[in-house]
Amino acid sequence: MERRAEAPPQGLDFTVENVEKALHQLYYDPNIENKNLAQKWLMQAQVSPQAWHFSWLLLNMDKVPEIQYFGASALHIKISRYWNDIPADQYESLKSQLFTQITRFAGGSKIVLTRLCVALASLALSMMPEAWPCAVADMVRMFQAEDSNVDGRARCLALLELLTVLPEEFQTSRLPQYRKGQVRSVLAQECGSVFPLLEQLLQQQDSPGFIKQKVLKCFSSWVQLEIPLMDCENLIQAAFTSLQDPELFDTAVEAVVNAISQPDAQRYVNTLLKLIPPVLGLQEQLRQAVQSGDMETSHGICRIAVALGENHSRALLDQVEHWQSFLALVNMIMFCTGIPGHYPVNETTSSLTLTFWYTLQDDILSFEPDKQAVYQQVYRPVYFQLVDVLLHKAQFPSDEEYGFWSSDEKEQFRIYRVDISDTLMYVYEMLGAELLSSLYDKLGRLLTNTEQPSTWQHTEALLYGFQSIAETIDVNYSDVVPGLIGLIPRISISNVQLADTVMFTIGALSEWLADHPVMINNVLPLVLQALGNPELSISSVSTLKKICRECKYDLPPYAANIVAVSQEVLMKQIHKTSQCMWLMQALGFLLSALQVEEILKNLHSLITPYIQQLEKLADETPNPSNKLAIIHILGLLSNLFTTLDISHHDDDHESNEVKKLPVQQGPNPVVVVLQQVFQLIQKVLSKWLNDAQVVESVCAIFEKSVKTLLDDFAPMVPQLCEMLGQMYSTIPQASAIDLTRQLVHIFAHEPAHFPPIKALFLLVTSVTLTLFQQGPRDHPDIVDSFMQLLAQALKRKPDLFLCSNLDVKAVFQCGVLSLKFPEAPTVKASCGFFTELLPRCGEIAPVGQVVHENGKVLLQAVLEGVGGQASRSLMDHFAEILFALNKHCFSYLSVWIKEAMQQDGFPSARVSPEQKETFSQQILRERVNKRRVKEMVKEFTLLCRGLHGTEYTADY
């Protein structure tokens with residue numbers, strides 16, 4: 001018994017006995033490693049020449065279905081993937097053997113029958129039309145012939161299975177493009193042999209349900225071959241009739257939807273018009289399904305109505321004389337949009353209809369003005385009705401009912417509301433300002449009607465509609481917003497969902513508030529009050545951030561209050577980490593508009609508690625909990641400094657020009673604070689230098705500050721460079737290189753501040769080169785950042801490469817090594833480095849010398865990558881290097897590429913010397929058009945990988 005459990009040795013012969021043993025192992029061996037080995041061996045067996053022999057033997061009737069299935073699968077693989085290995089004189093015997101096997105299995109195992117049908121389908125696709133002219137008609141004839149051994153129904157089912165898998169196999173086949181077109185048109189013609197048979201089987205009174213079901217599936221499969229819609233008319237009508245039979249309903253829906261949805265269908269307008277009455281005829285069945293809570297039926301009927309409306313609205317709108325029947329279809333879809341019940345608990349249908357409303361609107365607005373005006377008259381009222389329906393659907397259920405919903409249902413409902421929001425925003429294009437007025441009137445009536453108190457759900461939905469539009473559409477010119485801002489404080493906020501929507505609506509109106517600052521005081525108290533409620537964390541903090549960003553020049557009177565409330569909620573730790581960070585950004589915007597002494601005063605009160613905490617933490621022995629606290633405090637500081645900008649670099653709004661404050665004299669407040677805490681940060685670092693996350697958080701403070709302050713950061717440069725140098729020399733981390741890159745970028749053209757940055761750049765380079773000597777494979781992130789630093793230096797300050805103590809050759813060799821890393825981002829960064837380096841060959845002597853002496857090694861590495869060593873997603877980046885080599889080192893490249901391509905099997909054994917020569921010549925000829933070079937590289941890499949002309953290239 002022990003022997004049985006062992007994995008089949010790799011050298012084992014591919015015989016029937018061994019295949020059966022391996023299958024037994026795959027299905028029944030408890031050891032997962034043995035299963036994997038067996039699977040690997042079986043995959044080799046399937047593609048081996050012996051598969052032709054053992055596959056037929058495995059189909060013997062005395063074998064179990066798992067073994068038979070493997071035999072049928074192996075046949076399919078051989079036929080579909082290795083067609084060219086089959087001699088033409090064996091086609092006929094292969095065909096008749098498959099027919100025989102399918103007939104034998106007609107009453108046997110369903111899974112084996114299907115695989116055999118797929119194998120025959122694959123054979124037919126490869127043979128038609130030349131070697132097997134009327135393949136489909138032959139199949140129908142073969143199975144209709146009397147065969148006393150096989151029951152007629154079983155034969156009929158086998159034929160239907162074969163006809164169903166034939167189009168499916170065509171869709172997934174590996175036929176070359178030209179053959180695909182040829183075979184598609186042959187199949188489309190052959191539907192004449194299939195459809196009459198299907199019609200006959202559907203209309204026969206004695207056809208059992210399972211046969212009719214198979215017929216509908218077969219029809220579904222064939223319509224995807226772009227068969228003219230009029231040829232499908234009879235079967236579509238028969239499918240409509242089948243919708244009355246509960247057993248056939250789902251399959252009939254699928255068939256009708258597939259037939260209507262094929263792209264080619266819009267050419268057959270008369271047939272489409274004939275389909276409207278049967279679709280409208282389903283309305284009674286739809287109403288009954290809704291009343292009885294039959295979600296499957298209502299869903300299916302809705303799919304049919306939407307398929308007709310969404311795919312063909314343009315073609316049907318064009319038939320102006322039939323406008324009433326199309327309007328009736330639109331109203332049927334409206335019924336589906338407003339189907340009773342709450343999505344997704346009582347219904348799942350309404351979401352299917354939303355795209356239809358986009359399509360219809362696009363089609364109406366695409367007509368010439370006269371026709372558009374006519375349709376606007378008909379459809380504006382429909383779209384106003386749609387808004388009412390959508391806002392009704394967006395309403396929350398009662399608190400009690402919502403309490404019973406699962407978290408998954410709540411999340412689906414949230415996404416559904418976002419889809420409704422997007423639809424309302426889109427509909428605004430059709431209805432314009434009148435839409436806002438109508439929402440405002442409804443909200444006003446709701447809030448001022450004392451006799452009939454409204455539910456909070458109704459109020460919330462109307463506000464949600466407003467917010468959906470105001471978030472993306474410029475409402476600055478709307479005359480209803482002042483009224484809305486006036487109404488907001490009148491809303492009695494009784495629960496979280498309503499409070500959230502009130503917050504988000506205020507946030508959506510923040511740009512309007514910037515233009516109407518007198519209204520800020522109407523809503524700001526509500527926002528500050530909400531800040532104290534953890535349940536409103538996201539909405540209140542994001543709204544405050546928007547107000548502080550958009551209205552900062554009008555907030556100084558409220559600044560003390562905003563800072564005080566924010567400080568209180570931060571100290572009470574009401575909010576999660578990310579909301580705390582947003583809140584700090586909000587305060588950064590707010591403080592930016594104050595006078596320097598005010599900023600410093602507020603910063604002092606805001607930051608002092610955190611600095612004291614940090615001082616305490618810096619004295620403690622490192623452990624996981626104080627690490628989180630340190631990262632949190634450093635994060636708060638860096639988020640504050642991200643937005644605290646007194647030079648107003650970010651103000652590109654002309655409207656704010658008038659409000660700009662006079663340019664401040666003296667040091668920047670951020671620099672003042674950074675200098676005060678610098679030693680403390682160094683102390684924290686000294687203890688946590690080993691921890692990449694803490695180092696990253698420290699670097700982030702300076703990186704955010706440098707990005708915001710730009711030149712104002714200059715006073716900090718010397719001490720920061722010194723600290724970075726010490727950090728990187730002790731334990732190299734990618735975040736330190738990224739910050740160095742930022743400094744090079746901003747101060748490259750500042751002679752006064754550049755010397756310490758230059759010294760830091762040389763130090764980082766030298767430390768990283770040492771790292772390369774020790775083995776850089778464990779540090780792809782450092783290599784990635786280093787390559788980006790080198791590229792930035794070449795871009796902004798190329799004369800750094802003239803420094804006598806910069807080893808350009810070593811840097812070049814590191815770049816070549818990095819091109820061979822398995823991590824795609826690292827390779828991409830290395831390509832970026834070479835793309836910047838090569839154009840400098842002429843102007844920087846050391847670079848020119850190194851490239852001329854070592855360029856061949858670079859070319860070799862690039863060609864290895866193209867030859868299959870690197871991911872295909874990187875080919876454009878390798879093409880950039882080849883283009884730069886050709887443009888800047890042409891005379892060298894022509895020699896190098898010839899030498900490289902002379903190596904046997906390089907860059908891949910799959911390309912012939914002629915193909916290599918063609919590629920080399922193409923590259924050398926193209927020195928202007930980079931896009932062409934990218935195409936050549938893509939083409940060549942497919943040849944090198946043996947993928948040229950296969951399905952893998954389709955999306956490439």
Side-chain angles (χ1 to χ4, degrees), residues 721 724-725 728-729 732 734 736-738 740-741 743-745 747-749 754-776 779 782-821 826-862 864-865 877-878 880-893 895-896 900:
C721 286
L724 276 175
Y728 196 75
S729 307
I737 308 185
D738 294 335
T740 307
R741 185 177 87 236
L743 291 170
V744 169
H745 175 65
F747 292 103
H749 302 302
F754 201 70
I757 297 172
K758 176 179 175 179
L760 174 62
F761 171 79
L762 293 170
L763 176 71
V764 166
T765 303
S766 140
V767 171
T768 313
L769 291 177
T770 311
L771 188 77
F772 263 92
Q773 284 164 354
Q774 294 158 357
H779 308 284
I782 291 180
V783 175
D784 183 344
S785 294
F786 181 54
M787 290 297 138
Q788 289 187 53
L789 169 65
L790 294 171
Q792 183 70 269
L794 285 159
K795 202 181 288 183
R796 301 282 294 165
K797 197 81 174 157
D799 51 4
L800 279 170
F801 279 70
L802 288 167
C803 298
S804 56
N805 47 353
L806 178 73
D807 188 339
V808 179
K809 182 177 178 181
V811 167
F812 183 92
Q813 286 167 333
C814 292
V816 172
L817 265 180
S818 313
L819 284 177
K820 300 179 183 183
F821 270 49
T826 307
V827 179
K828 185 177 165 184
S830 316
C831 291
F833 159 59
F834 284 114
T835 311
E836 290 295 338
L837 182 86
L838 294 167
R840 309 283 177 198
C841 281
E843 64 194 79
I844 301 174
V847 169
Q849 188 182 345
V850 166
V851 170
H852 297 156
E853 287 170 6
N854 302 274
K856 188 179 169 186
V857 186
L858 168 63
L859 177 68
Q860 182 93 2
V862 169
E864 276 170 23
H877 303 287
F878 282 122
E880 300 244 1
I881 299 181
L882 286 173
F883 184 72
L885 276 169
N886 198 28
K887 200 167 178 181
H888 303 284
C889 322
F890 177 74
S891 55
Y892 289 91
L893 178 64
V895 176
W896 294 334

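- Tested against Leu837, the residues Val850, Leu794, Val811 include a single side chain to side chain contact (heavy atoms under 4.5 Å, CB included) partner, Leu794.
- For Leu817, the side-chain contact (heavy atoms from CB on, under 4.5 Å) partners two or more places apart in sequence, or in a different chain, are Phe772.
- In this view, Lys887 and Phe883 satisfy the side-chain contact (heavy atoms from CB on, under 4.5 Å) rule, not counting sequence neighbours.
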For residues 759-768, which side-chain donor-acceptor pairs fall under 3.5 Å, sequence neighbours excluded?
{"from": "Thr765", "atom 1": "OG1", "to": "Phe761", "atom 2": "O", "distance (Å)": "2.8"}
{"from": "Thr768", "atom 1": "OG1", "to": "Tyr728", "atom 2": "OH", "distance (Å)": "2.8"}
{"from": "Thr768", "atom 1": "OG1", "to": "Val764", "atom 2": "O", "distance (Å)": "2.6"}

Can you give me every donor-acceptor pair (side chain of residues 796-804, partner residue at least two apart or in another chain, under 3.5 Å) with its distance?
{"from": "Arg796", "atom 1": "NE", "to": "His745", "atom 2": "O", "distance (Å)": "2.9"}
{"from": "Arg796", "atom 1": "NH2", "to": "His745", "atom 2": "O", "distance (Å)": "2.8"}
{"from": "Lys797", "atom 1": "NZ", "to": "Ala748", "atom 2": "O", "distance (Å)": "3.1"}

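- With sequence neighbours left out, the ring pair (Phe, Tyr, Trp, His ring centres under 6.0 Å) criterion links Phe834 to Phe812.
- Residues passing the side-chain contact (heavy atoms from CB on, under 4.5 Å) test with Glu880 are Thr835, Lys930, Lys934, sequence neighbours excluded.
- Under the rule for a side-chain hydrogen bond (donor to acceptor under 3.5 Å, both in side chains), the partners of Gln788 that lie at least two apart in sequence or sit in another chain are Arg741, Asp784.
- With sequence neighbours excluded, the residues satisfying ring pair (Phe, Tyr, Trp, His ring centres under 6.0 Å) with His852 are Tyr892.
- For Lys809, the salt bridge (Lys or Arg N to Asp or Glu O under 4.0 Å) test picks out no residue, with sequence neighbours left out.
- Legend: residues meeting side-chain contact (heavy atoms from CB on, under 4.5 Å) with Ser785, ordered by chain and number and at least two apart, are Ala734, Ile737, Asp738.
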Show me, pair by pair, the donor-acceptor contacts under 3.5 angstrom made by side chains of residues 841-848, not counting sequence neighbours?
{"from": "Glu843", "atom 1": "OE2", "to": "Arg840", "atom 2": "NH1", "distance (Å)": "3.2"}

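- Ala791 approaches Gly832 most closely through the heavy-atom pair CB-O, 4.0 Å.
- Counting only residues at least two apart or on different chains, the salt bridge (Lys or Arg N to Asp or Glu O under 4.0 Å) pairs with a member in residues 851-861 are Lys856-Glu899.
- Nearest heavy atoms, Leu743 versus Ile757: O-CD1, 3.8 Å.
- You'll find the side chain of Leu858 reaches within 4.5 Å of the side chain of Leu819, heavy atoms only.
- Residue Cys814 comes nearest to Leu769 through the heavy atom pair SG-CD2, 3.3 Å, listed as atom of the first residue, atom of the second, then distance.
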